[in-house]
A.B. asks: 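The following block contains the structure, expressed as structure tokens.
Residues take their numbers from the sequence shown, with the count starting at 1. One-based numbering, in listed order, for ligands and for the atoms of each. Below, all heavy atoms of this structure are taken into account, side chains as well, without hydrogens, waters or symmetry copies.
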Amino acid sequence: MILSVCFIEKQNSMSFNIAKSDKKRVIIVGGGFGGLKLANKLKKYDFQVVLVDKNNYHQFQPLIYQIASSGMEPTSISFPFRNIFRKRKDFYYRMAEVRAVFPEKNMIQTSIGKATYDYLVLAAGTTTNFFGNKHIEEVAMPMKNVSEAMGLRNALLSNLERSITSSNEQERQELLNIVIVGGGATGVEIAGALSEMKRFVLPNDYPDMPADLLHIHLIEASNHLLAAMSPEASEHAEKFLADMGVNVMLNKRVMDYKDHKVILEDGHEIPTRSFIWVSGVTAVPIGNMDSERIGRGGRIKVDEFNRVIGLGNVFVIGDQCIQTSDVNYPNGHPQLAQVAIQQGELLAKNLRNIEKGGRLQPFHYRNLGAMATIGRNRAVADFKHLKMQGWLAWIMWLVVHLRSILGVRNKIVVLLNWVWNYFTYDQSMRMIVYARKAKEIREREVMEAKTHLGDDMLSSTGKLKA
Ligand SMILES: Cc1cc2nc3c(=O)[nH]c(=O)nc-3n(C[C@H](O)[C@H](O)[C@H](O)COP(=O)(O)OP(=O)(O)OC[C@H]3O[C@@H](n4cnc5c(N)ncnc54)[C@H](O)[C@@H]3O)c2cc1C
């Protein structure tokens, strides 16, 4: 037993390469809204902090739809961790994907090896939910992160280019039909942005193609849009989108996508080569987590202190957890940035309290409201005592999002971008650019997967599984 622990520590020094200090080590998995807030707040306290994220940057998800619709560059809403934390003492960032947790050994298993912790905080958020439909997962385009949004943008622009040169009438219409599945905030926002692109960009950039050939369909399985918001917000969103020429289809369930057609449960088919899936999320799974610890939406069950039930030093915050102790949210909190931020903030204090022997404070969510924008001049907003729609809500949306973006430089870039787009009716980022991974990186990823994750991560051809 002692031998095996020594071996693990040696492995750690080889992979994570972080010397143990006399401070307690907090490993934070995920530098999203929750993880980033926690890491920032822990600055005041005496911990060694290790942030593990599979990407080397934080991403501001609420504006991802603007990347997909060519309104903004990824660098405006992405922030490298090494830059954010460059002056921090006893702080380490490691780019790695966490796969398993071994609480009895206080150890995590990642794509670069193992690491031990005194406190572990999981804040890995969610991933797109395909509801078990493997075929849709393979063929649809999700829009959950910056790299997916770039993939979607490239595909939409490539389809437009191809539609100009296609001599086949049927293929051209498939290329010009865009189907968005999921009428939540993400679906509503991307539908609005693409409809603006159709109206203001297409006539100028593609003068030889009538813009009215482009059709945008938004499909929702329930009987209203924006299920997480008020009925007023849902109704206004539907009306705004209809006015903008989006075909909103409610009470429709997508079953499959075959031969460039989206197939609905009622047998209806919509031809398209742009099949966008934003129909829901499920928590990022931790491979070996006991099933009794998992709640609705794949979220890990936590107590009022965000502690995994039954584990003293393992916590989960943000979208990845479900907490039912808050009296106002017996079915768990909404999966919103503010919930993750507030939980990260409180957990920093509670970790300090544990160290000092103080009392832990339970989490209560302060609801700051919810918003969605539908193109220029139109948004819907629900606050505790006020519901707003239209231009004023849109101004509120702009202010709230601008304030939330990290860094002065990024705030200025985003503001200039918006002002430019607003007055010129032109989004200027319509280049099709594909990144190609260097051979060195491809080979290293396969080698790391073999060493640290096992052969199940590799396909039969020895390549890394997606
Ligand atoms: C397109 C879109 C638009 C949205 N718009 C809004 C909005 O307008 N307002 C709002 O309040 N909320 C919005 N949300 C929801 C909001 O973004 C989430 O509630 C919030 O990001 C949750 O924060 P988090 O810290 O739990 O996780 P996230 O912010 O998702 O961060 C998770 C982090 O974990 C990393 N990670 C994931 N898996 C692993 C792994 N296995 N190992 C290591 N690292 C990992 C990821 O790279 C990421 O950095 C939106 C979400 C999306 C997808």
Side-chain angles (χ1 to χ4, degrees), residues 27-39 50-69 77-81 84 93-101 108-112 115 121-129 142-149 152 182 184-190 193 226 228-229 276-287 289 297 299-300 306 316-322 333-345 347 365 367-373 379-382 397 400-401 404-405 453:
I27 294 187
I28 304 172
V29 179
F33 284 103
L36 198 68
K37 178 56 90 180
L38 172 66
V50 181
L51 174 64
V52 182
D53 198 301
K54 60 182 182 176
N55 297 308
N56 72 342
Y57 53 87
H58 166 80
Q59 44 200 323
F60 189 78
Q61 292 179 6
L63 292 183
I64 272 175
Y65 82 95
Q66 296 207 359
I67 296 182
S69 56
I77 61 155
S78 316
F79 317 91
F81 292 122
I84 299 172
Y93 163 71
R94 293 294 181 264
M95 189 166 84
E97 186 159 353
V98 173
R99 289 295 162 134
V101 177
I108 54 169
Q109 169 73 62
T110 78
S111 53
I112 60 166
V121 182
L122 300 172
T126 54
T127 181
T128 301
N129 193 353
M143 200 190 70
K144 177 78 184 62
N145 52 45
V146 170
S147 96
E148 287 173 356
L152 176 52
T186 307
V188 164
E189 293 189 334
I190 187 70
L226 299 176
M229 295 184 72
I276 304 172
W277 187 268
V278 286
S279 173
V281 291
T282 180
V284 167
I286 298 296
M289 188 66 72
R299 296 158 81 179
I300 300 170
N306 281 90
V316 192
I317 57 173
D319 281 4
Q320 205 182 10
C321 75
I322 186 154
H333 297 105
Q335 286 167 298
L336 290 174
Q338 267 304 322
V339 176
I341 290 169
Q342 291 175 28
Q343 287 182 338
E345 194 161 9
L347 183 56
Y365 174 47
N367 184 355
L368 300 185
M371 303 173 131
T373 179
V380 289
D382 287 350
W397 183 93
V400 166
H401 284 79
S404 314
I405 290 173
L453 301 174

A.B. asks: Between CZ of Arg299 and CD of Gln335, what distance do you get to the nearest 0.5 Å?
C.D. replies: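 Between atom CZ of Arg299 and atom CD of Gln335 there are 4.0 Å.
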A.B. asks: Taking 4.0 angstrom as the limit and counting only heavy atoms of Leu336, give me the atoms of ligand 1 inside it, by number and element.
C.D. replies: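 This gives 10 (C), 11 (O), 12 (N), 19 (O) as the contact atoms.
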A.B. asks: Is atom 26 (O) of ligand 1 in close reach of the protein, with a heavy atom under 4.0 Å away?
C.D. replies: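 Yes, because at least one protein heavy atom sits under 4.0 Å from atom 26 (O) of ligand 1.
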A.B. asks: Is there a polar contact, in the sense of an N or O pair closer than 3.5 Å, between Phe33 and ligand 1?
C.D. replies: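 N/O-N/O distance under 3.5 Å: yes.
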A.B. asks: Tell me, which protein residue and heavy-atom name are nearest atom 30 (O) of ligand 1, and how many Å apart are they?
C.D. replies: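 Ranked first by proximity to atom 30 (O) of ligand 1 is Gln61 NE2, 3.1 Å.
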A.B. asks: Please work out which of Asp53, Thr127, Leu51 has its closest non-hydrogen atom nearest to atom 48 (C) of ligand 1.
C.D. replies: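 Closest candidate by heavy-atom distance is Asp53.
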A.B. asks: Looking at Gly318, which atoms of ligand 1 are within less than 4.0 Å of one of its heavy atoms?
C.D. replies: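 Near Gly318, meaning under 4.0 Å from one of its heavy atoms, ligand 1 has 26 (O).
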A.B. asks: Does some non-hydrogen atom of Ala185 fall short of 4.0 Å from ligand 1?
C.D. replies: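 It does not; every heavy atom stays at 4.0 Å or beyond.
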A.B. asks: Taking the six-membered ring for Trp, are Phe81 and Tyr93 parallel (under 30°), tilted (30 to 60°) or perpendicular (over 60°)?
C.D. replies: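 Rings of Phe81 and Tyr93: tilted, 30 to 60°.
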A.B. asks: So is there a nitrogen or oxygen of Lys54 less than 3.5 Å from a nitrogen or oxygen in ligand 1?
C.D. replies: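 Yes: some nitrogen or oxygen of Lys54 is under 3.5 Å from one in ligand 1.
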A.B. asks: For Ala96, is the nearest heavy atom under 4.0 Å from an atom of ligand 1?
C.D. replies: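 Checking ligand 1 against Ala96, which is what was asked, there is a heavy-atom contact under 4.0 Å.
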A.B. asks: Contact between ligand 1 and His401 is defined here as a heavy atom of the residue under 4.0 Å from a ligand atom; is it met?
C.D. replies: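 In this structure, His401 qualifies as a contact of ligand 1 - some heavy atom is under 4.0 Å.
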A.B. asks: Checking a contact table here: which protein heavy atom is nearest atom 39 (C) of ligand 1, and how many Å away?
C.D. replies: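 The answer is Ala124 CB, 3.8 Å.
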A.B. asks: Taking distance alone, with N or O pairs closer than 3.5 Å, would you say Gln320 contacts ligand 1?
C.D. replies: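 Between Gln320 and ligand 1, no N or O pair is found under 3.5 Å apart.
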A.B. asks: What protein heavy atom sits nearest atom 11 (O) of ligand 1, and how far off is it?
C.D. replies: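 Of the protein heavy atoms, Ala337 N, 3.0 Å lies nearest.
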A.B. asks: Identify which of Ile28, Thr373, Leu36, Val98 has a heavy atom lying nearest to atom 41 (N) of ligand 1.
C.D. replies: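 The option holding the nearest heavy atom is Val98.
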A.B. asks: Testing Val98, Val284, Val101 one by one against Val29 for a side-chain contact (heavy atoms from CB on, under 4.5 Å), which residue passes?
C.D. replies: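 Of all the options given, the one that passes is Val98.
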A.B. asks: Rounded at 0.5 Å granularity, tell me how far CZ in Phe79 sits from CD in Gln59.
C.D. replies: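 It is 10.0 Å, given to the nearest 0.5 Å.
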A.B. asks: Just which atoms of ligand 1 are under 4.0 Å from any heavy atom in Gly34?
C.D. replies: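 By the 4.0 Å cutoff, the relevant atoms are 25 (O).
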A.B. asks: Any heavy-atom pair between the side chains of Ile405 and Leu63 that's under 4.5 Å?
C.D. replies: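 Yes, side chains in contact.
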A.B. asks: Please list, in number order, the atoms of ligand 1 under 4.0 Å from a heavy atom of Asn55.
C.D. replies: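 The atoms of ligand 1 under 4.0 Å from a heavy atom of Asn55 are 47 (O).
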A.B. asks: Against heavy atoms of Gly30, which atoms of ligand 1 measure under 4.0 Å?
C.D. replies: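 Contacts of ligand 1 toward Gly30, numbered from 1: 33 (C), 34 (O), 35 (C).
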A.B. asks: Using a strict cut-off of 4.0 Å, indicate which atoms of ligand 1 neighbour a heavy atom of Thr186.
C.D. replies: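 Near Thr186, meaning under 4.0 Å from one of its heavy atoms, ligand 1 has 1 (C), 2 (C), 3 (C).
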A.B. asks: With a 4.5 Å limit on heavy-atom distance, are the side chains of Ser404 and Phe33 in contact?
C.D. replies: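 No, side chains not in contact.
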A.B. asks: Which of the atoms in ligand 1, numbered in the order shown and given with their element, are less than 4.0 Å from a heavy-atom of Gln335?
C.D. replies: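 The list of qualifying atoms is 15 (C), 19 (O).
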A.B. asks: Between Leu122 and Ile286, does the side chain to side chain contact (heavy atoms under 4.5 Å, CB included) criterion hold? Intermediate values first, please.
C.D. replies: CA-CA 9 Å; Leu122 300 172; Ile286 298 296; 4.1 Å; yes
A.B. asks: Using a 4.0 Å cutoff against the non-hydrogen atoms of Gly32, which atoms of ligand 1 qualify?
C.D. replies: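 So the answer, numbered in order with elements, is 25 (O), 28 (P), 29 (O), 31 (O), 33 (C), 49 (O).
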A.B. asks: Provide, to 0.1 Å, the distance between atom 13 (C) of ligand 1 and the closest protein heavy atom, together with that atom's residue and name.
C.D. replies: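 Here the nearest protein heavy atom works out to Pro62 CG, 4.1 Å.
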A.B. asks: Kindly indicate whether the side chain of Arg94, heavy atoms from C-beta on, has any atom under 4.5 Å from the side chain of Thr110.
C.D. replies: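 They are not in side-chain contact.
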A.B. asks: How far is atom 18 (C) of ligand 1 from its nearest protein heavy atom, and which residue and atom name does that atom have?
C.D. replies: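 In this structure, atom 18 (C) of ligand 1 has Asp319 OD2, 3.2 Å as its nearest protein heavy atom.
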A.B. asks: Only heavy atoms count here, so choose which of Ala340, Ala149, Cys321, Ser404 is nearest to atom 23 (O) of ligand 1.
C.D. replies: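 It is Ala340 whose heavy atom sits nearest to atom 23 (O) of ligand 1.
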